[in-house]
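Worth knowing before you read on, the calculation uses all heavy atoms, side chains too, and leaves out hydrogens, waters and symmetry mates.
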Amino acid sequence: MTSPPLLSPSSSSSSRLLLLRLLLSRRRSPASRSPPPPLRRRLPLLAASMSSSSSTAATRNPGSVVADADGLARKVAAIRAAGPAKLQVIADFDGTLTRYWYDGSRGQSSHGLLRQGNEEYDAKREELFEHYHPIEICPDIPLPEKAKLMEEWWEKTHALLIEGGLTYEAIRQSVADAKITFRDGVVKLFEFLEERDIPVLVFSAGLADIIEEVFRQKLYRSFKNIKVVSNRMVFNGEGRLVSFKGKTIHVLNKNEHALDMAAPVHDNLGDPNGYTDDYSLVKKRTNVLLLGDHIGDLGMSDGLNYENRIAVGFLNNNIEKSLKDYSEAFDIVYLNDAPMVGVVELVSELCP
């Protein structure tokens with residue numbers, strides 16, 4: 001049976017012209033399309049696309065994938081019922097809060113953007129990256145073996161930074177010149193959470209001092225509810241790096257056991273104003289929204305006795321090969337370096 005025409009033969013020429021103009025205007029202006037339906041209406045469709053089609057078909061979907069829509073809906077309902085006072089957000093930094101791609105090429109990480117003013121040592125750190133990064137992103141290497149190699153990489157890099165005479169001024173200039181940017185929607189997410197006094201712990205295998213400088217230079221403001229858990233540097237009176245604090249945090253060992261290394265992001269370096277020791281209050285928040293771009297990021301909530309956890313994963317590369325593992329590990333997987341808009345919609349569902 002053939003489909004009926006859009007306009008019947010009896011339609012007036014003016015009506016046909018009006019409809020044609022409407023259709024053309026919609027095609028020209030993607031912004032005029034209706035906004036996506038709420039999360040609770042989208043989840044079954046997303047799950048169906050995952051369960052009834054191959055991973056290759058799911059890879060073509062530029063949005064998100066949910067393997068267990070019913071399980072996610074139960075978590076959403078439980079967290080929503082408990083209210084904002086029970087919720088905390090744990091987020092990775094590189095490739096999660098920041099974009100994976102920058103102007104068509106791989107964006108820089110908080111480690112990778114650093115130029116310490118010594119070309120010899122910059123080259124040495126680049127050599128380490130070329131050797132270890134393929135290991136980091138390879139899905140075929142067992143996690144225990146990969147964790148040892150990641151720790152080896154981080155410790156060698158930190159030693160080069162000290163030996164090469166890194167200064168804080170070099171950090172400031174490196175961030176100013178960096179190819180790094182936050183995902184669209186990150187500021188909106190932070191503002192939403194700040195308004196509701198929901199703490200955000202930013203866990204990173206990078207360098208806390210660089211991350212905080214990225215916050216200052218790229219967001220142009222601080223957020224009272226955000227704290228950074230990452231590798232922290234110790235500078236002498238001349239602003240020269242002399243050591244690192246505490247245990248090395250790499251991509252596969254980030255967790256809440258490292259809370260003693262957390263500190264709030266401030267407008268000024270070393271500003272202690274507003275600092276409060278509220279880790280005990282954080283631990284009482286037994287509902288968690290976890291954001292990461294690596295399966296190892298799921299360990300960020302280790303040490304926390306949570307009741308409900310929604311894990312959101314950003315799968316930025318190796319999508320066809322990694323989608324199955326990510327969809328089994330995370331409750332929601334956002335594909336192709338997606339913006340943070342979906343997470344903003346999610347927290348709006350959790351805290352209406």
Legend entry - Under-4.0 Å salt bridge between D140 and K321: yes
Inset, instruction - With rounding to the nearest 0.5 Å, note down the distance linking OG1 in T96 to CZ in F203. - result: 13.0 Å
Inset, instruction - Look up atom CZ in R285 and atom CD1 in I90, then write down how far apart they are to the nearest 0.5 Å. - result: 12.0 Å
Inset, instruction - Give a yes or no answer on whether the side chain of N287 reaches the backbone of G83 with a donor-acceptor pair at less than 3.5 Å. - result: no
Legend entry - R172/E169 ion pair, N-O < 4.0 Å: yes
Legend entry - D337/R183 ion pair, N-O < 4.0 Å: yes
Legend entry - D293 side chain to Y100 side chain, donor-acceptor N/O pair below 3.5 angstrom: no
Inset, instruction - Quick one: pull up OH in Y121 and CD in E163 and give me the separation to the nearest 0.5 Å. - result: 3.0 Å
Legend entry - Interatomic distance, S230 atom OG to I211 atom CD1 [nearest 0.5 angstrom]: 4.0 Å
Legend entry - E127/K156 ion pair, N-O < 4.0 Å: no
Inset, instruction - Salt-bridge test for R115 and D177: reply yes if a basic N is under 4.0 Å from a carboxylate O, no otherwise. - result: no
Inset, instruction - Determine, for K148 against E151, whether the closest basic-nitrogen to carboxylate-oxygen distance falls under 4.0 angstrom. - result: no
Legend entry - Side-chain donor or acceptor of N316 paired with backbone N/O of G95 under 3.5 Å: yes
Inset, instruction - Using distance alone, with no hydrogens and no angle criterion, decide if Y306 and Q88 have a side-chain donor and acceptor under 3.5 Å apart. - result: no
Inset, instruction - Would you check if the side chain of Y326 reaches a backbone N or O of F314 as a donor-acceptor pair within less than 3.5 Å? - result: no
Inset, instruction - For residues F182 and F215, establish whether the separation of their ring centroids is below 6.0 Å. - result: yes
Legend entry - Pair E155, H158: side-chain N/O donor-acceptor within cut-off below 3.5 Å: no
Legend entry - Test: R80 and E349 ion pair at under 4.0 Å: yes
Legend entry - R125 side-chain N/O to L161 backbone N/O, donor-acceptor pair under 3.5 Å: no
